[in-house]
Amino acid sequence: MCGIIGIVGTTAVASALYDGLTVLQHRGQDAAGIATVDGSRLRLHKGNGLVRDVFNEQAMGELRGRIGIGHCRYPTAGSEGSAEAQPLYVNSPYGIAFAHNGNLVNTAALRREMFEGDRRHINTDSDSEVLLNVLAHELQIQDRMQLTPDHIFKAVAGLHARARGGYACIALVLGYGLVAFRDPHGIRPLVLGERTTAEGHEYAVASESVALDVLGFKLLRDIRPSEAVIITDNGQLHSRRCAEGAVHSPCIFEYVYLARPDSMIEDVSVYKARLRMGEKLAEKIRRERPDHEIDAVIPIPDTARTAASALAGALGVPFREGLVKNRYIGRTFIMPGQGERVKSVRRKLNAIELEFNKKNVLLVDDSIVRGTTSRQIIQMAREAGAKSVYFASAAPPVRYPNIYGIDMPSTSELIAAGRTEQEVEKLLGADWLIYQDLKDLEWAVRDGNENLKHFDTSCFSGEYVTGLDRDYLEQIQMLRSDDAKAARRAV
């Protein structure tokens with residue numbers, strides 16, 4: 001879950017890239033970077049921290065050029081530390097800067113191929129560096145006098161043939177322009193926009209349409225699965241599908257949690273999809289507990305607010321803001337360790353006792369992953385005087401790791417893994433726990449675009465659209481567990 005953006009403009013783009021990254025900050029709070037093309041030179045600045053902390057006036061002043069890309073990072077398997085901050089860069093061929101959102105599932109095999117066959121050295125544990133070097137190699141082997149769109153399309157086709165996983169990427173090719181592409185399944189999102197200024201026509205690509213909105217770009221469309229879009233340095237746009245046969249399967253968790261509600265992904269309003277999630281939850285509550293005796297519906301801010309408001313309206317129950325969020329605390333989902341997550345929940349949220357005291361309250365969250373946040377919030381509600389505490393999840397039980405760019409923990413750390421809903425209910429300390437049904441979640445998203453026939457629902461269903469090597473999930477367990485991460489940080 002990273003945020004990426006690229007702009008081919010008519011004037012300097014660094015400030016626009018900065019603004020776009022701040023809007024995409026929810027997708028990654030670990031590191032940020034911007035690369036621009038200044039004549040024949042690449043200008044690059046990156047570092048650990050939030051966008052506002054990485055860039056100062058001096059750094060922004062040095063990022064000259066009218067073509068550039070930006071990245072805000074949320075570390076996934078094997079990618080922690082300052083060396084993995086993006087954009088990444090290789091000097092051959094041409095000079096390529098690279099920003100990547102997603103995760104490969106055949107990184108180890110590709111790393112061996114890079115060394116043994118392509119004679120390229122990978123210097124970090126990041127799959128993004130592997131993907132960059134695959135692209136660089138596929139460009140290097142093209143038979144060419146000068147680079148053309150056809151050469152680039154063939155290189156992306158070669159990358160698709162070798163890489164497996166979910167990925168949305170933007171590359172700067174010095175002396176040529178910007179290249180953006182998605183994996184053949186279209187798991188990770190990427191959108192294309194345009195705007196006309198007094199100086200001329202400009203293009204942008206970004207993880208979410210909200211980044212285009214804030215910069216005044218008109219959303220043209222989603223970049224299609226397996227498609228590569230080339231925007232040359234003189235503003236010409238070329239596009240081509242570079243692989244065939246894969247089933248279009250966008251990540252459904254984008255709509256549940258990752259994306260901002262004001263974004264459009266795959267022609268679906270994230271906001272409206274979340275409203276429909278709330279409506280479907282209300283239908284399930286009426287079926288299972290028609291005499292629910294709920295006095296108030298209270299969202300766990302911020303992502304669940306939209307679904308909770310629709311749920312309350314459908315049930316005819318008051319919607320109340322009973323939890324106040326400290327907006328200076330990061331998203332607990334991406335805190336580095338369990339101890340830090342536990343501490344951050346109390347720092348992040350505070351209960352308004354008036355909305356809980358002597359009431360049967362229904363707390364609504366977007367999903368339940370580890371259960372850390374949910375358990376503590378239920379306890380907070382009881383301490384605030386709630387008579388009964390019910391808990392609703394707008395998503396189904398998360399029973400499996402997500403391996404396509406969301407750093408969901410290892411299976412052993414997922415509270416619903418190997419447990420019934422009643423067992424999870426008891427562990428959380430709720431009087432009643434209700435989960436969204438997967439078919440209802442799929443309907444809530446698909447109702448916005450009937451052309452969406454399939455989704456990546458792997459964290460709920462355990463079905464991985466790319467297929468998996470036999471030992472991959474065991475490798476993920478070793479990389480993603482809190483103990484493994486703590487050990488790496490201690491080195």
Side-chain angles (χ1 to χ4, degrees), residues 1-2 4 76-77 98-110 113 127-128 130-132 134-135 137-139 149-150 152-171 179-192 205 207-208 221-230 238-255 258-259 265-268 400-406 438 441-442 445-446 448-470 472-473 476:
M1 189 179 88
C2 299
I4 59 176
T76 52
F98 190 76
H100 165 222
N101 172 33
N103 192 61
L104 300 181
V105 299
N106 64 335
T107 305
L110 280 176
E113 289 179 20
D127 63 336
S128 301
V130 173
L131 201 56
L132 166 58
V134 172
L135 177 63
H137 176 76
E138 294 297 324
L139 281 171
D150 191 54
I152 294 174
F153 291 137
K154 287 179 179 178
V156 175
L159 179 146
H160 287 326
R162 300 177 69 177
R164 280 196 295 136
Y167 50 90
C169 307
I170 307 175
V179 182
F181 56 92
R182 289 174 78 190
D183 68 84
H185 293 280
I187 297 172
R188 300 264 63 86
L190 197 61
V191 296
L192 172 67
V205 290
S207 294
E208 294 183 35
R221 60 179 177 84
D222 293 83
I223 292 178
R224 301 178 184 92
S226 82
E227 182 184 24
V229 170
I230 302 168
H238 308 267
S239 67
R240 183 185 298 175
R241 296 285 288 271
C242 298
E244 300 293 339
V247 177
H248 184 194
S249 306
C251 175
I252 205 164
F253 207 71
E254 289 279 353
Y255 299 91
L258 301 184
I265 299 177
E266 303 286 359
D267 290 328
V268 177
Y400 308 92
N402 184 292
I403 60 171
Y404 299 125
I406 307 171
L438 181 55
L441 175 60
E442 291 179 327
V445 179
R446 185 182 294 117
N449 180 359
E450 293 183 356
N451 292 322
L452 294 176
K453 304 300 183 183
H454 301 90
F455 298 96
D456 166 44
T457 62
S458 53
C459 58
F460 309 123
S461 65
E463 298 173 1
Y464 296 98
V465 295
T466 62
L468 292 180
D469 295 336
R470 183 169 53 88
Y472 184 77
L473 290 181
I476 287 293

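Being a predicted model, the structure only gives us computed values, none of them experimental.
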Undergrad: Using the test salt bridge (charged side-chain N to carboxylate O under 4.0 Å, His left out), find all partners of Glu208 that sit at least two apart in sequence or belong to another chain.
TA: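 Salt bridge (charged side-chain N to carboxylate O under 4.0 Å, His left out) list for Glu208, sorted by chain: Arg27.
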Undergrad: Mind checking what makes ring-ring contact (aromatic ring centres under 6.0 Å, His included) contact with Phe98, not counting sequence neighbours?
TA: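 Phe98: no ring-ring contact (aromatic ring centres under 6.0 Å, His included) contacts found.
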Undergrad: Report the residues that fulfil salt bridge (charged side-chain N to carboxylate O under 4.0 Å, His left out) with Glu442, sequence neighbours left out, ordered by chain and then residue number.
TA: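 None.
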Undergrad: Work out which heavy atom in Ala180 is nearest to a heavy atom in Leu190; give both atom names and the distance.
TA: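 Smallest heavy-atom distance, with atoms named: CB-CD2, 4.0 Å.
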Undergrad: Which heavy atom of Ala163 sits nearest to which heavy atom of Leu110, and what is that distance?
TA: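 So the two residues come closest at CA-CD1, 4.0 Å.
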Undergrad: Which heavy atom of Leu135 sits nearest to which heavy atom of Ala171, and what is that distance?
TA: CD2-CB, 4.0 Å
Undergrad: Are any side-chain N or O atoms of Asp267 and backbone N or O atoms of Asn449, one a donor and one an acceptor, separated by less than 3.5 Å?
TA: no
Undergrad: Donor-acceptor pair, Arg446 side chain versus Leu452 backbone, under 3.5 Å?
TA: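 Judged by distance alone, yes, a pair lies under 3.5 Å.
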Undergrad: Between Arg188 and Tyr404 (side chain of the first, backbone of the second, donor and acceptor by atom type, cut-off under 3.5 Å), is there such a pair?
TA: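 Indeed, once roles are kept as given, a pair shorter than 3.5 Å links the two residues.
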Undergrad: Would you say that Tyr464 contacts Tyr400 through its side chain, given a criterion of any heavy-atom pair below 4.5 Å between the two side chains?
TA: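 A side-chain contact under 4.5 Å exists here.
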Undergrad: Let me confirm one number: the NE2-NE2 distance from His248 to His185, rounded to the nearest 0.5 Å.
TA: 11.0 Å
Undergrad: For Thr107, is there any backbone N or O sitting under 3.5 Å from a side-chain donor or acceptor partner on Asp127?
TA: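 Judged by distance alone, no pair lies under 3.5 Å.
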Undergrad: How far apart are the C-alpha atoms of Cys459 and Ile406, what are their side-chain angles, what is the distance that settles it, and do they pass the side-chain contact (heavy atoms from CB on, under 4.5 Å) test?
TA: CA-CA 10 Å; Cys459 58; Ile406 307 171; over 6 Å; no
Undergrad: With rounding to the nearest 0.5 Å, note down the distance linking CD1 in Ile252 to CG in Leu258.
TA: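 Ile252 CD1 to Leu258 CG: 12.0 Å, rounded to 0.5 Å.
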Undergrad: For His238, does the NE2 atom have more than 12 heavy-atom neighbours from other residues, nucleotides or ligands under 6.0 Å away?
TA: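 Counting other residues, nucleotides and ligands, NE2 of His238 exceeds 12 neighbours.
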Undergrad: Can you measure from OG (Ser239) to CG (Leu192) and round to the nearest 0.5 angstrom?
TA: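 If I round to the nearest 0.5 Å, the distance is 8.5 Å.
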Undergrad: Between Arg182 (side chain only) and Glu227 (backbone N and O only), is there a donor and an acceptor less than 3.5 Å apart?
TA: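 Absent.
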Undergrad: Just to verify, what does Arg164 make a salt bridge (charged side-chain N to carboxylate O under 4.0 Å, His left out) with, not counting sequence neighbours?
TA: Asp469
Undergrad: With a 3.5 Å distance limit and no angle check, can you tell me whether Ser207 reaches the backbone of Ile4 through a side-chain donor-acceptor pair?
TA: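 Looks like yes, one N/O pair under 3.5 Å.
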Undergrad: Measuring only between side-chain heavy atoms, which start at C-beta, is Pro189 closer than 4.5 Å to Ile223?
TA: no
Undergrad: Answer yes or no: is there a side-chain heavy-atom contact under 4.5 Å between Thr457 and Phe253?
TA: no
Undergrad: Quick one: does Asp183's side chain have a donor or acceptor within less than 3.5 Å of a partner on Gly166's backbone?
TA: no
Undergrad: Please examine the side chains of Arg221 and Val229, heavy atoms only from C-beta on, and report whether any two atoms are closer than 4.5 Å.
TA: yes
Undergrad: Taking salt bridge (charged side-chain N to carboxylate O under 4.0 Å, His left out) as the definition, give me every residue that meets it alongside Arg241, ordered by chain and number, with sequence neighbours left out.
TA: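 Per chain and number, Arg241 pairs via salt bridge (charged side-chain N to carboxylate O under 4.0 Å, His left out) with no residue.
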Undergrad: Counting N and O atoms only, with roles assigned by atom type, does the side chain of Tyr255 sit under 3.5 Å from a partner on the main chain of Ile265, one being a donor and the other an acceptor?
TA: yes
Undergrad: Say whether Tyr167 and Ser128, considering side chains only, have a donor N or O and an acceptor N or O under 3.5 Å apart.
TA: no
Undergrad: Hey, is the main chain of Ala243 close enough, under 3.5 Å, to the side chain of Ser226 for a donor-acceptor pair?
TA: yes
Undergrad: Could you tell me if the side chain of Asn106 sits less than 4.5 Å from the side chain of Tyr472, heavy atoms only?
TA: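 No. Closest side-chain heavy atoms not under 4.5 Å.
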Undergrad: If you take all heavy atoms of Asn402 and Cys251, which pair is closest and at what distance?
TA: ND2-SG, 4.4 Å
Undergrad: Under the salt bridge (Lys or Arg N to Asp or Glu O under 4.0 Å) rule, what pairs show up with a residue in residues 152-162, not counting sequence neighbours?
TA: Glu113-Arg162, Asp118-Arg162, Glu138-Arg162, Asp150-Lys154
Undergrad: Does the pair Ile187 and Thr466 meet the rule for a side-chain contact (heavy atoms from CB on, under 4.5 Å), with working shown?
TA: CA-CA 10 Å; Ile187 297 172; Thr466 62; 4.3 Å; yes
Undergrad: Show the nearest heavy-atom pair for residues Pro184 and Pro225, with the distance to one decimal.
TA: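 For Pro184 versus Pro225, the nearest heavy atoms are O-CB, 3.2 Å.
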Undergrad: Ignoring hydrogens and geometry, is there a side-chain-to-backbone donor-acceptor pair from Asp222 to Arg224 under 3.5 Å?
TA: no
Undergrad: State, to 0.1 Å, how close Ile170 and Val205 come at their nearest heavy-atom pair, and which atoms those are.
TA: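 What the structure gives for the nearest pair is CD1-CG2, 3.4 Å.
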